[in-house]
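Taking it in order: structure first as structure tokens, then the write-up.
Both ligands and their constituent atoms are indexed starting at 1 by order of listing. By convention here, the first residue in the shown sequence is residue 1.
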Amino acid sequence: MSSPAKKRKRDDPGSASQRTRTIASFFQGQAGKQAEKTQQLTQPGSEVHTEQTLSDEALARKLQAEWDKEDVLPTSQADTPSDEPSLPLVSPGDNDREPTTVQKKGVLSLQSSTGTEDTVSLAVPFDQSPITFNATKYAHELQGHWASEGGDASYALLTRAFLLANATTSRIKIVDTLVNLLRVLIEADPSSVLPAVWLATSSISPPYDESELGLGGSSISKALKKVYGLNSQGLKSLYDKHGDAGDVAFEAKKRQSFTLMKPRPLRIKGVYQSLKKIAMSKGGGSQETKQRIVEKLLQDARGAEESRYIVRTLVQNLRIGAVKTTMLIALARAFLYSRSEGAGFSIYSQEEMARLKKDELAEIYTRAEEIVKASYARHPNYDDLVPCLLEIGVSDELLVRCGLQLHIPLRPMLGSITRDLSDMLTKLQGRDFSCEYKYDGQRAQVHCDVQGKVSIFSRHLENMTEKYPDLVSLVPQIRGEGVSSFILEGEVVAVDQESGELQAFQILTNRAKKNVDIGAIKVSVCLFAFDLMYLNGQPLLDRSFRERRELLRSLFVEIPRRFTWVKSLDATSADSEAVLEFFKGATDTKCEGIMVKVLDNMPKPDIEDNGTPTIDTDGVPDPPSKTDEKPESRNSKGSRRKALLSTYEPDKRLDSWLKVKKDYSASSETLDLIPVAGWHGQGRKAKWWSPILLAVRNPETGSLEAVTKCMSGFTDKFYQANKDKYAEGTPNIISRPSYVEYYGEPDVWFEPQEVWEMAFADITLSPTYTAAIGLVSDERGLSLRFPRFLKVREDKSIDEATTSDYLALLWRKQSERTKQEAEQPADIVEE
Ligand code: ATP
């Protein structure tokens, strides 16, 4: 199934070190080992391993052996595409072997494509512990190595790190690899740190910047054909075999003996700039321009691994586990060990680090990681974070230099799920909280600067300013006197202006995303504001929710049915009846339930008596009082319940915001899953796909992990539409994708492209499904009992589908609940 290294790794645990050594030797072409390797591959039983279960290196070796065999066959039996006379598929030969002696028809022997790998980069042991890895030594060596080619860090170095990260499932090893890569770059070529971070995170710009590569699969296919001399049939059979564009490029490059030109070594900066150019080329002729850049990149790739990662980068699926959190952790740690020449901040020596006890080291790491993560949550842009880190390292100043900023969206605070109202009341016992209607609309973060410029961002930080010109036009009216600049948050809901009634979320989704003409708007919206994070040049994140809300409601001006506050009720756990009434009111008004938010940082703080913070004449509130400081007990062990914060915590899902949804029962939480495959239906359903296989998203690996088969909740009409959409022979039916993790054999695979909201009875451990494997059990994944289709989430892209860690979280909550229920005394009624 997946070339997913992930699966291979699971099948072959503990061999990382060996693999590391042999990868290097393979690419360094140690001919002496070739015979031994080939022998291993052809041992009885080795054939039962398909390519999918082999490591990248083993796959390369296997191919090598196959081609070696093909080389000694008569030309007619060799795998030479008949209609491609230019660049044939012939044996590559190892670096130190003579070019193949069997010359095939039409071979252009211009330049050997082998022997060009950057063996210096390919030998750096990035996966060592940062405590032992000698970054300075490698930085010096590499600087010398790069000097003759302009001094910039080579893409080969990045490829080396990708290979090592790809060859392990150990999160520690992935982080270590990235930390060491970053350290070498910081010390040897600091200007390549930023492009390396973008490339390693499979992105080129922050989420609120709309730059996209805009490359279709066909551009990449065309380039692969042209550069590696494949015909359509050859390319298709490689795709069918691997299902991963990167693996196809790897194999095609390996097969290419000779290239027309000597490859110019790729540089990290150069590759990133090429991607930027691809993204920037717009308008007539842009497809050709993009195409040329892709071809050039493939042409210049030295060796098959570079080709693999260039193509994985182009399809934006690197699968090296360097997602946001991993990268932030790696950055934090790298800058504890290394700094560039001229940087003045202090770092730890490796000896110092080595002397520390395990928990002391963990504490230093955690502190640094918290700062970097907090900075990124407030200002999610590596373009600003990385230069700051290079200049000042990891310090509290980072949050000042690279913190909240107007027109840069912060990552929103999120709510934790609760089982029901009584669960919520138990969790918040002893605290004052506010219950708010949970409107069914679209979250919006509104920024306005002193000049009155407005930006609006979505929950996922996309820029929605052009979608809501009506909201933009409201800003001058809602901004009360004394408000110069602000960032506020609320839910945009479609509202009938005549009756004031809330309308279904679906209505909002009909609005175009761009260039909405204010005069042509048919569906009016209302912004129900619920938080204020920034006011008159000052962040308010550290203020209690009570203060922020008071500032919001006192300084901004309501406009009926256009801009108002979320309906709310302040309460404590003693007010269960009032809370229940409020909850009913919410669900009767087309709301999804309620959001419950802790009002103050400490239980019963002093400010409770009036709850209103004083406001300076310039409209800036006083700094927080002692009582608002973050309670120490937050991390204190031994206390039964954590002291909940009422501060605004960007990008965190804490229990200080709780979601209570309607019909809450064990199964009322729904999941947003991606349909990935189907089987031919039985009986009445024979003409449709049924059941359908659904997957969660693993943001760390980029894989989709199968979680359940579903055949319930679909109408016949839906089944038919689904069959029409995923009709055989259309591009929506694909060959087995490498990035879907599933051990079974569906009849067809769908091109993953939509998100379905699914209900279920409960979550179970499963030997068959791979979802969240490793998160709750090393052997078993998670699956759903009684899955039921609810609706297509038109508003969600597959990037927003439920993640495997969220599924694991739900599973843990469910286990907790089951345990609590088991502990409760049986409900015996005594007459
Ligand atoms: P999440 O946003 O928590 O990851 P999700 O996308 O599945 O989860 P829900 O579980 O439905 O969304 O609930 C959270 C969302 O509810 C918020 O992101 C916000 O858009 C919306 N919302 C509606 N009313 C409120 C409110 N009063 N306070 C906070 N959020 C609200």
Side-chain angles (χ1 to χ4, degrees), residues 377 409-419 424 433-446 456-462 464 468 488-495 502-506 508-509 525-533 545 548-549 552-553 563-570 582-583 585-587 589-599 646 648-664 668-673 696-697 699 755-759 790-791 793-803 805-807 809-810 813:
L410 60 153
R411 303 188 72 86
M413 180 163 176
L414 305 169
S416 295
I417 51 168
T418 53
R419 189 169 24 129
M424 179 278 286
F433 53 78
S434 173
C435 300
E436 295 178 352
Y437 276 15
K438 184 175 180 311
Y439 297 87
D440 191 8
Q442 184 172 27
R443 192 166 181 163
Q445 205 181 100
V446 183
I456 303 177
F457 299 99
S458 75
R459 149 94 171 78
H460 296 285
L461 315 188
E462 300 98 336
M464 302 195 298
Y468 292 115
L488 65 74
E489 206 175 26
E491 190 84 349
V492 183
V493 188
V495 169
L502 304 181
Q503 293 182 304
F505 167 72
Q506 199 60 33
L508 260 191
T509 59
V525 295
C526 178
L527 178 64
F528 291 89
F530 55 72
D531 220 316
L532 182 66
M533 293 91 94
F545 178 50
R548 300 195 308 274
R549 188 183 64 173
L552 173 71
R553 296 191 179 186
F563 174 80
T564 183
W565 326 124
V566 289
K567 197 170 160 78
S568 67
L569 168 83
D570 289 359
F582 184 78
F583 181 78
T587 52
T589 332
K590 295 208 185 112
C591 286
E592 288 181 307
I594 57 173
M595 293 290 297
V596 185
K597 301 174 183 176
V598 170
L599 278 164
S646 70
Y648 191 103
E649 300 288 326
D651 207 21
K652 291 196 179 158
R653 196 182 288 284
L654 301 174
D655 275 356
S656 43
W657 274 30
L658 295 175
K659 305 188 261 195
V660 192
K661 293 195 192 173
K662 81 179 139 196
D663 304 330
Y664 241 161
S668 67
E669 184 68 22
T670 58
L671 298 179
D672 296 323
L673 304 180
V696 291
R697 189 171 62 85
V755 175
W756 293 356
E757 186 172 357
M758 305 287 299
L790 293 178
K791 64 172 188 275
R793 287 291 304 252
E794 309 272 2
D795 58 312
K796 287 205 171 183
S797 70
I798 61 173
D799 292 344
E800 294 161 53
T802 298
T803 57
D805 42 2
Y806 187 68
L807 181 69
L809 174 90
L810 288 184
K813 296 227 173 207

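Given atom 9 (P) of ligand 1, the protein heavy atom at minimum distance is Lys438 NZ, 3.4 Å. Ranking the protein heavy atoms by distance from atom 1 (P) of ligand 1 puts Arg459 NH2, 3.5 Å first. The protein heavy-atom contact nearest to atom 24 (N) of ligand 1 is Tyr439 N, 3.1 Å. If you check which protein heavy atom lies closest to atom 21 (C) of ligand 1, you get Glu491 OE1, 3.2 Å. Scanning the protein for heavy atoms near atom 17 (C) of ligand 1, the closest one is Arg443 NH1, 3.6 Å.
Shown here for Met413 and Ser656, the closest heavy-atom pair between the two residues is CE-OG, 3.6 Å.
A heavy-atom separation below 4.0 Å is not found between Phe528 and ligand 1. Heavy-atom distances between Arg653 and ligand 1 reach below 4.0 Å in at least one pair.
Thr564 places a side-chain heavy atom less than 4.5 Å from the side chain of Cys526.
Near Glu592, meaning under 4.0 Å from any of its heavy atoms, are these atoms of ligand 1: 11 (O). The distance from ligand 1 to the heavy atoms of Lys661 drops below 4.0 Å at these ligand atoms: 9 (P), 10 (O), 11 (O). Against a heavy-atom cut-off of under 4.0 Å, Lys597 is close to the following atoms of ligand 1: 26 (C), 28 (N), 29 (C). Residue-ligand proximity, Val566 to ligand 1, at heavy-atom distances under 4.0 Å covers atoms 27 (N).
When the heavy-atom distances from atom 3 (O) of ligand 1 to Glu489, Glu669, Lys659 are ranked, the shortest goes to Lys659. Atom 7 (O) of ligand 1 has its nearest heavy-atom neighbour, among Met413, Lys796, Glu800, in Lys796.
Between the side chains of Glu436 and Ser568, no donor-acceptor pair is found at a separation under 3.5 Å. For the residue pair Arg697/Thr802, the side-chain donor-acceptor check at 3.5 Å is not satisfied. At a cut-off of 3.5 Å, with distance as the only test, a side-chain donor of Ser416 or Asp655 sits close to an acceptor on the other residue. Between the side chains of Glu592 and Tyr439, not a single donor N or O lies within less than 3.5 Å of an accepting N or O.
For Leu414, the side-chain contact (heavy atoms from CB on, under 4.5 Å) criterion is met by Arg443, Arg459, Arg653, not counting sequence neighbours. For the side-chain contact (heavy atoms from CB on, under 4.5 Å) test, residues two or more places apart in sequence or in another chain that qualify with Leu552 are Leu488, Ala529, Leu532, Phe556, Trp565.
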What verdict does the ring-ring contact (aromatic ring centres under 6.0 Å, His included) test give for Tyr437 and Phe582, after you've listed the backbone C-alpha separation in whole Å, the side-chain angles of each residue and the deciding distance to 0.1 Å? CA-CA 8 Å; Tyr437 276 15; Phe582 184 78; 5.0 Å; yes
